[in-house]
Amino acid sequence: MNLLKDDVKRIYFLKKGLLTISRHEGKKEITVDVINQGDVFGQIYSDQNFNSNKESIKVISDEAVICTFTKENFEKVLQNNPSLCLKYSKKVGDRLLSIQQRYSNLVFKDAKTRLIEFLIEYSRRNGNQNENNFVAKNMLTHQDIADLIGCQRQTISTLLKELKEENSIDYSRDQIVVSNIAHLK
């Protein structure tokens, strides 16, 4: 699905489900972001020319519900609803902090630490907590995770096996169980 190829500048809200945004570089597709329920995406940051022809969206959950506005209509809605404007500003601010954290992690943390932090955050946002474990449905490939944390797929496979042997996680095609979070941190 490629909502981003629309000639009209749009803003999207994911009301239900889970998406990935991928960028196409030549013949290679690179996962650049995971969009969770409640997230905002699309042309939200500036009026600069945005090359959406290189990006696509893939629904990775069983279903997704997306609400969309043209940029102009959304600006009108914000002008008429100051409380919505504040909530939107907070969402964008949180998003920018998340991006800043990802870049900081790439510079200052090793691959294993980035993977652990990614799995904890993914499980918290998309799963359930029972006792000291987070359990989430696994909707990402090793390549998706590698793209998102900036390393090779082979490295992810090796690290996941290592974490599984340490009984820190249980990773399968169906689910991710992050155990003993205090130990992992």
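Since this is a predicted model, take the numbers as computed values, not measurements.
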Ile21 versus Glu55, closest heavy-atom pair with distance: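 Scanning both residues completely, I find the closest heavy atoms to be CG2-OE1, 3.9 Å.
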Closest heavy-atom pair and its distance - Ser179, Asn167: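 Minimum heavy-atom contact is CB-O, 3.9 Å.
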Sidechain-backbone polar pair: [X] side chain, [Y] backbone, donor-acceptor under 3.5 Å:
{"X": "Asn138", "Y": "Leu140", "answer": "yes"}
{"X": "Asn105", "Y": "Arg102", "answer": "no"}
{"X": "Asn126", "Y": "Tyr122", "answer": "yes"}
{"X": "Ser61", "Y": "Gly17", "answer": "no"}
{"X": "Asp110", "Y": "Thr113", "answer": "yes"}
{"X": "Arg114", "Y": "Gly150", "answer": "yes"}

Is it true that [X] and [Y] make a salt bridge, defined as a side-chain N closer than 4.0 Å to a carboxylate O?
{"X": "Asp147", "Y": "Arg153", "result": "no"}
{"X": "Lys90", "Y": "Asp94", "result": "yes"}
{"X": "Lys109", "Y": "Glu117", "result": "yes"}
{"X": "Arg125", "Y": "Asp39", "result": "yes"}
{"X": "Glu72", "Y": "Lys9", "result": "no"}
{"X": "Lys164", "Y": "Asp170", "result": "yes"}

[X], [atom1] atom: more than 12 neighbouring heavy atoms under 6.0 Å:
{"X": "Gln100", "atom1": "CD", "answer": "no"}
{"X": "Lys112", "atom1": "NZ", "answer": "yes"}
{"X": "Glu162", "atom1": "CD", "answer": "yes"}

Shared hydrophobic cluster for Val135 and Ile176 (ILVMFWY, side-chain gaps under 4.5 Å):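 They do not share one cluster, since no chain of ILVMFWY contacts under 4.5 Å joins Val135 to Ile176.
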Nearest-0.5 Å distance that lies between atom OH in Tyr171 and atom OG in Ser157: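 Result: 8.0 Å between the selected atoms.
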Between Phe74 and Phe13, ring centroids under 6.0 Å: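 Yes, the ring of Phe74 comes within the 6.0 Å limit of the ring of Phe13, centre to centre.
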